[in-house]
Amino acid sequence: REDAIPHTDFQFSEDDIIIVGSEHSGFDKADLERMDACVVIPMIKGRRSMNMAIATTFVLGEAMRQLNMFNR
């Protein structure tokens, strides 16, 4: 999506639902249109991508950091 936001710039809230697309194909267009927001992990063009488990950990970790969930 053109309006995708880097995961570190997105303001997560406790009622957010984080879903992860397919490692090979992401989400189909219909699913993307139903989402309220889309976050991405900025990558250096031409470098190898990370697998979904690592990418999910990055985004979930950032959401937990913002929501102070590590100190509960």
Side-chain angles (χ1 to χ4, degrees):
R1 282 176 36 165
E2 290 183 23
D3 63 341
I5 303 166
H7 72 294
T8 52
D9 294 341
F10 185 78
Q11 294 297 305
F12 290 94
S13 65
E14 288 198 18
D15 62 341
D16 284 338
I17 298 171
I18 298 172
I19 59 174
V20 179
S22 164
E23 189 162 357
H24 298 286
S25 60
F27 293 101
D28 64 36
K29 187 175 181 175
D31 288 335
L32 285 171
E33 290 173 355
R34 288 194 299 260
M35 295 176 194
D36 294 330
C38 181
V39 300
V40 295
I41 300 170
M43 301 286 292
I44 297 171
K45 189 173 182 168
R47 298 289 175 106
R48 292 187 60 198
S49 62
M50 59 185 81
N51 69 34
M52 293 308 294
I54 300 300
T56 302
T57 301
F58 272 48
V59 174
L60 185 57
E62 175 61 17
M64 292 176 69
R65 183 195 67 78
Q66 287 184 23
L67 299 170
N68 201 32
M69 296 177 87
F70 292 112
N71 298 319
R72 292 185 179 178

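Being a predicted model, the structure only gives us computed values, none of them experimental.
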Undergrad: Do you know the tightest heavy-atom contact between Glu62 and His7?
TA: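 Shortest heavy-atom contact: CG-O, 3.4 Å.
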Undergrad: Please determine whether residues Met43 and Val40 belong to a single hydrophobic cluster, defined as Ile, Leu, Val, Met, Phe, Trp and Tyr linked transitively by side-chain heavy-atom distances below 4.5 Å.
TA: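 Looking at the clustering, Val40 is in a separate group from Met43.
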Undergrad: Does any N or O in the side chain of Gln66 come within less than 3.5 Å of the main-chain N or O of Phe10, such that one atom is a donor and the other an acceptor?
TA: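 A pair under 3.5 Å: yes.
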Undergrad: Measure from the side-chain N and O atoms of Asn71 to the backbone N and O of Asn68, and report whether any donor-acceptor pair falls under 3.5 Å.
TA: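 Not confirmed, Asn71 side chain does not pair with Asn68 backbone.
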Undergrad: When rounded to the nearest 0.5 angstrom, what is the spacing between SG in Cys38 and CG in Leu32?
TA: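 Interatomic distance, Cys38 SG to Leu32 CG, rounded to 0.5 Å: 6.0 Å.
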Undergrad: Indicate yes or no: at least one non-hydrogen side-chain atom of Phe58 is less than 4.5 angstrom from one of Met50.
TA: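 Heavy-atom side-chain distance check passes, below 4.5 Å.
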Undergrad: If I take atom OG from residue Ser22 and atom CG from residue Asp31, how far apart are they, to the nearest 0.5 angstrom?
TA: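 It is 11.5 Å, given to the nearest 0.5 Å.
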Undergrad: A side-chain contact here means heavy atoms from C-beta on lying under 4.5 Å apart; do Val59 and Ile41 qualify?
TA: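 Counting from C-beta outward, Val59 and Ile41 do come under 4.5 Å.
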Undergrad: Side chains of Arg1 and Met35, heavy atoms from C-beta outward: is any pair under 4.5 Å?
TA: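 With C-beta onward as the side chain, the pair touches.
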Undergrad: Other than Ile44, what residues sit in its cluster of Ile, Leu, Val, Met, Phe, Trp and Tyr side chains whose heavy atoms are under 4.5 Å apart, directly or through others?
TA: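 Members other than Ile44 - counting any ILVMFWY side chain reachable under 4.5 Å - there are none.
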Undergrad: Which residue in the set Met64, Arg65, Met69 passes side chain to side chain contact (heavy atoms under 4.5 Å, CB included) when paired with Leu67?
TA: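 Only one option passes, and that is Met69.
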Undergrad: Could you pull out the closest heavy-atom pair between Ala53 and Asn51, with the gap in Å?
TA: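 So the minimum-distance heavy-atom pair works out to N-OD1, 3.1 Å.
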Undergrad: Do Ile19 and Ile5 sit in the same hydrophobic cluster, where Ile, Leu, Val, Met, Phe, Trp and Tyr count as joined when their side-chain heavy atoms come under 4.5 Å apart?
TA: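 Ile19 and Ile5: separate clusters.
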Undergrad: At their closest point, which heavy atom of Phe27 faces which heavy atom of Gly21, and how far apart are they?
TA: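 Taking every non-hydrogen atom into account, CZ-N, 3.0 Å.
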Undergrad: For Asp36, does the CG atom sit with more than 12 other heavy atoms under 6.0 Å from it, leaving out its own atoms?
TA: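 12 or below, so no.
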